[in-house]
Amino acid sequence: MCGIVGYIGTKPAADIVLDALKRLEYRGYDSAGIAIQGKDGVKIIRKKGKVDELKELVAKTPLLGTIGIGHTRWATHGIPSDINAHPHRAYDVVAVHNGIIENYVTIKERLKEKGHKFISDTDTEVIPHLIANYLKEGLDFVKAVKEALKELRGSYALALLREKERMLIGAKKESPLLVGIGEGEYFLASDAPAIIARTNRFIFLEDGDLVILTDRGIKILNEAGQEVKREVQKVNWSPLMAEKGGFKHFMLKEIYEQPRAISDTMLGRVSEEKGEIYFEEWKDVRVNRIRKFWMVACGTSYHACLIGKYIFEKNLKLPVEVDIASEFRYREPPIQKGDFMILVSQSGETADTIAAMREGKKRGAYTLSICNVLGSTLARDSDGTIFTHAGPEIGVASTKAFTTQIVVLFMLMLYFAKKMRMKTVKELREMIFHLRKIPHKVTDVLEKASLIQDLSRKYMNYKDFLYIGRGINFPTVLEGALKLKEISYIHAEGYAAGEMKHGPIALIDEKMPVLCLSPKDITYSKTCGNIEEVISRKGKVILVTDTESHEMANKVEEVIIIPQTIYELQPIISVIPLQLFAYHVANLLGTDVDQPRNLAKSVTVE
Ligand code: AGP
């Protein structure tokens, strides 16, 4: 997820663009760049690093002009570097982009054959080249952009300039883009924070829209090329509120970003018709010689690994050992040469996980990391990396990183299942079918947030919670309990439901609510027994299930119904109410939800 900005008006564009980029930095901050059209043409300054560093550079080489574009990057293709930073130029076209161009490799190859020279590793760079190619064929700027957009597959929000043409073009498909309407000036921005200080009048562009901004005014063309009028809306947010897209906390925003984050993480990687998975940044290694998997991580990422174990062992019939990274190194792990080690980390900077990766390498394992941050230490130093495309996760409590990690682990299992011939094409197609339904199912759960908010009011003052589940629901309740304890500071313990009789049941009374995750899966009947045990000891049960006809529904205090899916994907759906419950309890208690006491977003010390 990146931030893009454009300006055309009567004021110096550089200051406006840089100020807007600073306000968008939460969207991505590994590199930034600016392009300003002056009397000598378009000048570009771009570099790895934060917007402040870009500002210092621009201060040394003033960019004069009243039309410009800018970009702050969250790398998805091509590590953070000066050369991969936006804006990208091809001939007289300059572009900044937020999104993922799925078919950039084929476009790039075709343009190379036409003599185009590429200098970056990004998907974005094909966009100005493609437009320039149509300009060379004699089309004008607007028509060239329209023709180029027809070829792009994937998602984009674009701001475009052309040398010597006083015109700012914006285009939107799946990634957000809005137009700010000022007095004699126009803005383009990824979202409101960038420009809320300059105007509160916005047009929220729709998918397929192309907007042409000149000194003469604004023109919007829809996907069919017809001129359309879009409503101008007034947004009365404070700049800080706007950064959170109107949400009170980043954590809540990131909970609601999960449908998009999951879609982005799948984008360009699944072919339902072929029953195939592609990881463009990672190719298989010695797949057929893998005898054992290791999955190592910390915290929420460790819970994703526990879920990965169920997904892998059920479908690949190979053993998976899961370790907490801080424990892994001290138990003399019996890694054999050729073992396949998967390290999961949102930040890619967790010291214990990096240390575990190095230990695994030393003992001869192949190390594949699953990270959310390109250019992070883990991504750079492991033998291979697959990225979640969740976008920056600002809230300390991990939410969208967790669900996208499970998506990558599920896709990785399918990838291996195909290579190891553990699944037929039909079986693979069916599993991909269910995967593609997940974003909508997550949205269905998010639409029940008010019910969960009511529950949080009712249970916010309890001091202890037990979260129980069996099978793949067990790591999910570990994650749910972690969410509650780390942001509300209430003691919450996740437990294997089958373990109740071996101790925890001694805790049960009316002062200790028990959240039970009980979908109608292979664990259903046994978990019903656990619910009986709790109820008979006056325990209060909050039941989360995917069936309207749960046989314990009339005996428990609360029931939250969630959509059904296949066993391996259930945790992505089940965790949503647990995230929302934790968030709303913490919000009501007034804790610092985005930066809970004693915690940090990335634990870079052991
Ligand atoms: C989860 O909500 C916590 N913020 C924490 O447990 C986190 O998952 C853990 O520190 C691992 O971080 P990583 O994924 O960046 O390696």
Side-chain angles (χ1 to χ4, degrees), residues 30 74 249-255 258 261 265 295-308 322-329 341-358 360 367-382 385-409 467 475-490 492 494 571 575-576 578-583 585-586 591-606:
D30 57 48
W74 179 264
H249 295 105
F250 278 113
M251 181 183 177
L252 189 59
K253 180 167 176 280
E254 288 151 13
I255 288 174
Q258 289 182 109
T265 298
M295 294 186 187
V296 183
C298 299
T300 288
S301 300
Y302 167 69
H303 298 151
C305 290
L306 289 173
I307 288 166
V322 181
D323 271 84
I324 292 171
S326 55
E327 291 298 312
F328 174 76
R329 303 161 61 205
M341 188 176 182
I342 299 172
L343 297 304
V344 179
S345 173
Q346 189 284 131
S347 62
E349 299 299 344
T350 300
D352 287 318
T353 310
I354 292 167
M357 179 269 291
R358 299 200 200 291
T367 55
L368 175 70
S369 57
I370 296 176
C371 293
N372 194 41
V373 182
L374 259 72
S376 58
T377 304
L378 203 58
R380 272 201 322 271
D381 293 356
S382 46
T385 303
I386 296 174
F387 293 102
T388 48
H389 291 152
E393 189 176 68
I394 312 294
V396 164
S398 190
T399 51
K400 61 180 183 173
F402 176 68
T403 48
T404 54
Q405 286 166 351
I406 298 170
V407 170
V408 169
L409 285 164
Y467 282 50
T476 311
V477 297
L478 289 177
E479 172 58 14
L482 174 63
K483 289 285 98 48
L484 186 66
K485 66 174 141 240
E486 71 173 321
I487 63 174
S488 72
Y489 316 146
I490 293 173
V575 79
I576 305 298
L578 311 190
Q579 293 170 344
L580 287 168
F581 181 70
Y583 170 80
V585 168
T591 57
D592 185 345
V593 171
D594 282 335
Q595 294 172 347
R597 67 186 182 194
N598 314 333
L599 293 180
K601 183 57 190 169
S602 177
V603 182
T604 54
V605 292
E606 293 187 39

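Numbering of ligands and ligand atoms starts at 1, following listing order. Since the model is a prediction, treat every value here as computed from it, not as a measurement.
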Margin query: Assess, by modelled atom type and distance only, whether the side chains of Thr403 and Gln258 contain a donor and an acceptor separated by less than 3.5 Å.
Written below: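 Yes - a donor-acceptor pair under 3.5 Å links their side chains.
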
Notebook entry, point to check: Looking just at side-chain N and O atoms, do Ser398 and Thr300 make a donor-acceptor pair shorter than 3.5 Å?
Noted result: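 Note: Ser398 and Thr300 side chains miss the donor-acceptor criterion.
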
Short question: side chain of [X], backbone of [Y] - any donor-acceptor pair under 3.5 Å?
| X | Y | result |
| --- | --- | --- |
| Gln595 | Val396 | no |
| Ser369 | Cys371 | no |
| Glu479 | Ala304 | no |

Quick one: ligand 1 N/O to protein N/O pairs below 3.5 Å?
{"from": "ligand 1", "atom 1": "2 (O)", "to": "Thr300", "atom 2": "OG1", "distance (Å)": "3.3"}
{"from": "ligand 1", "atom 1": "2 (O)", "to": "Ser398", "atom 2": "N", "distance (Å)": "2.8"}
{"from": "ligand 1", "atom 1": "2 (O)", "to": "Lys483", "atom 2": "NZ", "distance (Å)": "2.9"}
{"from": "ligand 1", "atom 1": "2 (O)", "to": "Glu486", "atom 2": "OE1", "distance (Å)": "3.3"}
{"from": "ligand 1", "atom 1": "2 (O)", "to": "Glu486", "atom 2": "OE2", "distance (Å)": "2.5"}
{"from": "ligand 1", "atom 1": "4 (N)", "to": "Val396", "atom 2": "O", "distance (Å)": "2.7"}
{"from": "ligand 1", "atom 1": "6 (O)", "to": "Thr300", "atom 2": "N", "distance (Å)": "3.4"}
{"from": "ligand 1", "atom 1": "8 (O)", "to": "Thr300", "atom 2": "N", "distance (Å)": "3.0"}
{"from": "ligand 1", "atom 1": "14 (O)", "to": "Ser301", "atom 2": "OG", "distance (Å)": "2.6"}
{"from": "ligand 1", "atom 1": "14 (O)", "to": "Gln346", "atom 2": "N", "distance (Å)": "2.8"}
{"from": "ligand 1", "atom 1": "15 (O)", "to": "Ser345", "atom 2": "OG", "distance (Å)": "3.4"}
{"from": "ligand 1", "atom 1": "15 (O)", "to": "Gln346", "atom 2": "N", "distance (Å)": "3.4"}
{"from": "ligand 1", "atom 1": "15 (O)", "to": "Ser347", "atom 2": "N", "distance (Å)": "2.9"}
{"from": "ligand 1", "atom 1": "15 (O)", "to": "Ser347", "atom 2": "OG", "distance (Å)": "2.7"}
{"from": "ligand 1", "atom 1": "15 (O)", "to": "Thr350", "atom 2": "OG1", "distance (Å)": "3.4"}
{"from": "ligand 1", "atom 1": "16 (O)", "to": "Ser345", "atom 2": "OG", "distance (Å)": "2.7"}
{"from": "ligand 1", "atom 1": "16 (O)", "to": "Thr350", "atom 2": "OG1", "distance (Å)": "2.5"}

Check: Which one of Thr404, Leu409, Leu378 satisfies the side chain to side chain contact (heavy atoms under 4.5 Å, CB included) criterion with Ile370?
Finding: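 In the set Thr404, Leu409, Leu378, the residue that makes a side chain to side chain contact (heavy atoms under 4.5 Å, CB included) with Ile370 is Leu409.
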
